Amino acid sequence: MNYWLVKSEPFKYSWDDFVKEGKSVWDGVRNYQARNNMKAMQKGDWVFFYHSNEGVEIVGLAEVSKEFYQDPTTEDPRWVVVELKPIKKFPKTVTLKAMKADDRLSSLALIKQSRLSVTPVQKAEFDIILSLTE
DNA sequence: GCCAACGTTGGC
DNA sequence: GCCAACGTTGGC
(Lines give C-alpha, C1' and ligand atoms only; values in the text may rest on other atoms or scores of the structure.)
Protein backbone atom coordinates (compact mmCIF):
# COMPACT_ATOMS: atom_id res chain seq x y z
CA MET A 1 0.00 0.00 0.00
CA ASN A 2 1.43 3.32 -1.10
CA TYR A 3 0.30 6.90 -0.86
CA TRP A 4 0.39 9.66 -3.45
CA LEU A 5 -0.65 13.19 -4.21
CA VAL A 6 -1.93 14.52 -7.52
CA LYS A 7 -2.35 18.14 -8.49
CA SER A 8 -5.08 19.66 -10.56
CA GLU A 9 -5.93 23.21 -11.44
CA PRO A 10 -9.51 23.56 -10.19
CA PHE A 11 -10.63 25.77 -13.07
CA LYS A 12 -9.59 22.98 -15.43
CA TYR A 13 -10.57 19.97 -13.36
CA SER A 14 -11.77 20.37 -9.80
CA TRP A 15 -12.62 17.98 -7.00
CA ASP A 16 -16.32 18.70 -7.70
CA ASP A 17 -15.87 17.72 -11.37
CA PHE A 18 -14.17 14.55 -10.19
CA VAL A 19 -17.05 13.65 -7.82
CA LYS A 20 -19.62 14.47 -10.50
CA GLU A 21 -18.00 12.01 -12.90
CA GLY A 22 -17.43 9.40 -10.21
CA LYS A 23 -14.00 8.56 -11.61
CA SER A 24 -11.19 10.08 -13.59
CA VAL A 25 -8.73 8.96 -16.22
CA TRP A 26 -5.58 10.83 -15.17
CA ASP A 27 -4.27 11.71 -18.62
CA GLY A 28 -2.00 14.33 -20.10
CA VAL A 29 0.98 13.79 -17.80
CA ARG A 30 4.10 14.61 -19.84
CA ASN A 31 6.81 14.46 -17.24
CA TYR A 32 8.99 11.40 -16.71
CA GLN A 33 9.11 11.58 -12.93
CA ALA A 34 5.36 12.00 -12.65
CA ARG A 35 4.95 9.18 -15.18
CA ASN A 36 7.21 6.92 -13.14
CA ASN A 37 5.18 7.65 -10.04
CA MET A 38 1.99 6.73 -11.89
CA LYS A 39 3.56 3.46 -13.02
CA ALA A 40 4.32 2.65 -9.40
CA MET A 41 0.70 3.15 -8.34
CA GLN A 42 -1.18 0.02 -7.40
CA LYS A 43 -4.89 -0.57 -7.25
CA GLY A 44 -6.22 0.50 -3.86
CA ASP A 45 -3.43 3.01 -3.16
CA TRP A 46 -4.66 6.24 -1.62
CA VAL A 47 -4.19 9.56 -3.36
CA PHE A 48 -4.56 13.08 -2.01
CA PHE A 49 -6.28 15.42 -4.46
CA TYR A 50 -4.66 18.85 -4.46
CA HIS A 51 -5.82 22.10 -6.02
CA SER A 52 -2.95 24.11 -7.49
CA ASN A 53 -3.01 27.81 -8.43
CA GLU A 54 -6.39 28.34 -6.83
CA GLY A 55 -6.97 27.15 -3.29
CA VAL A 56 -3.48 25.67 -3.08
CA GLU A 57 -4.68 22.95 -0.73
CA ILE A 58 -5.52 19.28 -0.39
CA VAL A 59 -9.27 18.93 -0.74
CA GLY A 60 -10.05 15.24 -0.75
CA LEU A 61 -9.00 11.62 -0.88
CA ALA A 62 -9.09 9.37 -3.91
CA GLU A 63 -8.06 5.82 -4.62
CA VAL A 64 -6.35 4.15 -7.54
CA SER A 65 -9.12 2.20 -9.28
CA LYS A 66 -7.09 1.07 -12.30
CA GLU A 67 -3.34 0.72 -12.72
CA PHE A 68 -1.38 2.33 -15.53
CA TYR A 69 -1.93 1.79 -19.24
CA GLN A 70 -1.05 3.61 -22.45
CA ASP A 71 -2.33 7.19 -22.52
CA PRO A 72 -5.19 7.14 -25.08
CA THR A 73 -4.73 10.86 -25.80
CA THR A 74 -1.37 10.24 -27.52
CA GLU A 75 0.28 7.72 -29.84
CA ASP A 76 3.51 8.17 -27.96
CA PRO A 77 4.14 4.93 -26.03
CA ARG A 78 6.14 6.75 -23.35
CA TRP A 79 3.05 8.15 -21.62
CA VAL A 80 0.54 6.38 -19.44
CA VAL A 81 -2.61 7.09 -17.46
CA VAL A 82 -4.11 5.68 -14.27
CA GLU A 83 -7.73 5.75 -13.19
CA LEU A 84 -8.80 7.30 -9.90
CA LYS A 85 -12.08 7.40 -8.04
CA PRO A 86 -13.11 9.75 -5.23
CA ILE A 87 -13.35 8.42 -1.67
CA LYS A 88 -14.27 11.50 0.29
CA LYS A 89 -13.99 15.22 0.60
CA PHE A 90 -12.18 16.30 3.74
CA PRO A 91 -14.12 18.23 6.39
CA LYS A 92 -11.14 20.57 6.55
CA THR A 93 -8.76 21.23 3.67
CA VAL A 94 -5.01 21.23 4.27
CA THR A 95 -3.30 24.24 2.75
CA LEU A 96 0.21 24.29 1.39
CA LYS A 97 0.94 26.95 3.98
CA ALA A 98 -0.11 24.62 6.79
CA MET A 99 2.06 21.82 5.39
CA LYS A 100 5.05 24.11 5.02
CA ALA A 101 4.57 25.29 8.59
CA ASP A 102 4.64 21.74 9.96
CA ASP A 103 8.18 20.58 10.74
CA ARG A 104 7.13 16.94 10.43
CA LEU A 105 6.34 17.53 6.74
CA SER A 106 9.59 19.24 5.81
CA SER A 107 10.64 16.45 3.45
CA LEU A 108 7.29 16.21 1.67
CA ALA A 109 7.84 15.75 -2.07
CA LEU A 110 5.12 18.31 -2.79
CA ILE A 111 7.21 20.95 -1.03
CA LYS A 112 10.62 19.84 -2.27
CA GLN A 113 9.59 19.35 -5.90
CA SER A 114 6.94 21.98 -6.25
CA ARG A 115 6.49 21.59 -10.00
CA LEU A 116 5.93 17.83 -10.03
CA SER A 117 2.26 17.00 -10.61
CA VAL A 118 2.27 13.44 -9.21
CA THR A 119 4.29 12.94 -6.03
CA PRO A 120 4.75 10.14 -3.48
CA VAL A 121 3.67 10.62 0.13
CA GLN A 122 5.32 8.65 2.94
CA LYS A 123 3.04 6.70 5.28
CA ALA A 124 4.02 8.90 8.24
CA GLU A 125 3.39 12.03 6.17
CA PHE A 126 0.08 10.65 5.01
CA ASP A 127 -1.06 10.04 8.59
CA ILE A 128 -0.02 13.52 9.67
CA ILE A 129 -1.85 15.19 6.79
CA LEU A 130 -4.91 13.04 7.39
CA SER A 131 -4.97 14.15 11.03
CA LEU A 132 -5.05 17.78 9.83
CA THR A 133 -8.26 17.21 7.85
CA GLU A 134 -10.51 16.62 10.85
C1' DG B 1 1.41 39.53 -13.54
C1' DC B 2 5.92 38.30 -11.86
C1' DC B 3 9.49 35.27 -11.32
C1' DA B 4 12.06 31.14 -9.44
C1' DA B 5 12.66 26.47 -10.36
C1' DC B 6 13.24 23.23 -13.46
C1' DG B 7 12.41 20.40 -17.72
C1' DT B 8 13.28 20.27 -22.76
C1' DT B 9 15.34 21.39 -27.10
C1' DG B 10 18.84 21.93 -30.29
C1' DG B 11 23.40 23.71 -31.94
C1' DC B 12 27.97 22.64 -31.61
C1' DG C 1 27.56 15.10 -24.22
C1' DC C 2 27.52 19.98 -22.87
C1' DC C 3 25.10 23.99 -22.19
C1' DA C 4 22.52 28.18 -23.58
C1' DA C 5 18.03 29.39 -24.81
C1' DC C 6 13.56 28.76 -24.17
C1' DG C 7 9.04 27.10 -22.34
C1' DT C 8 6.12 25.71 -18.47
C1' DT C 9 4.53 25.24 -13.81
C1' DG C 10 2.83 27.08 -9.86
C1' DG C 11 3.29 29.99 -5.60
C1' DC C 12 2.82 34.52 -4.37
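None of the values given here were measured: they were computed from a predicted structure.
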Side-chain atoms of residues 61-69 of chain A: list all donor-acceptor pairs with protein atoms under 3.5 Å, sequence neighbours left out, distances to 0.1 Å.
residue : atom : partner : partner atom : Å
A:Ser65 : OG   : A:Glu83 : O            : 3.2
A:Glu67 : OE2  : A:Lys43 : N            : 2.7
A:Tyr69 : OH   : A:Glu83 : OE2          : 2.6

For residues 125-134 of chain A, dump all side-chain donor-acceptor pairs below 3.5 Å to protein atoms at least two apart in sequence or in another chain.
residue  : atom : partner  : partner atom : Å
A:Glu125 : OE1  : A:Gln122 : N            : 2.8
A:Glu125 : OE2  : A:Ser107 : OG           : 3.4
A:Asp127 : OD1  : A:Lys123 : NZ           : 3.1
A:Asp127 : OD2  : A:Lys123 : NZ           : 2.9
A:Ser131 : OG   : A:Ile128 : O            : 2.6
A:Thr133 : OG1  : A:Leu130 : O            : 2.6

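Shown here are the side chain to side chain donor-acceptor pair (under 3.5 Å) partners of A:Thr93, two or more places apart in sequence or in another chain: A:Glu57. Scanning for ring pair (Phe, Tyr, Trp, His ring centres under 6.0 Å) contacts around A:Tyr50 gives an empty result, with sequence neighbours left out.
Taking the six-membered ring where the residue is Trp, A:Tyr13 and A:Phe49 present tilted rings, their angle falling between 30° and 60°.
Nearest heavy-atom pair across A:Lys85 and A:Phe18 is C-CZ, 3.4 Å. When all heavy atoms of A:Thr119 and A:Ala109 are compared, the pair lying nearest together is CB-CB, 3.8 Å.
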## Note on the structure
Given protein heavy atoms under 4.0 Å, the one-letter contact record of nucleotides 4-11 of chain C, with B base, S sugar-phosphate only and - none, is simply ---BBBBB
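Direction of the helix axis in the helix from B:dG1-C:dC12 to B:dC12-C:dG1 shifts by 10° between the two five-pair termini, rounded to 10°.
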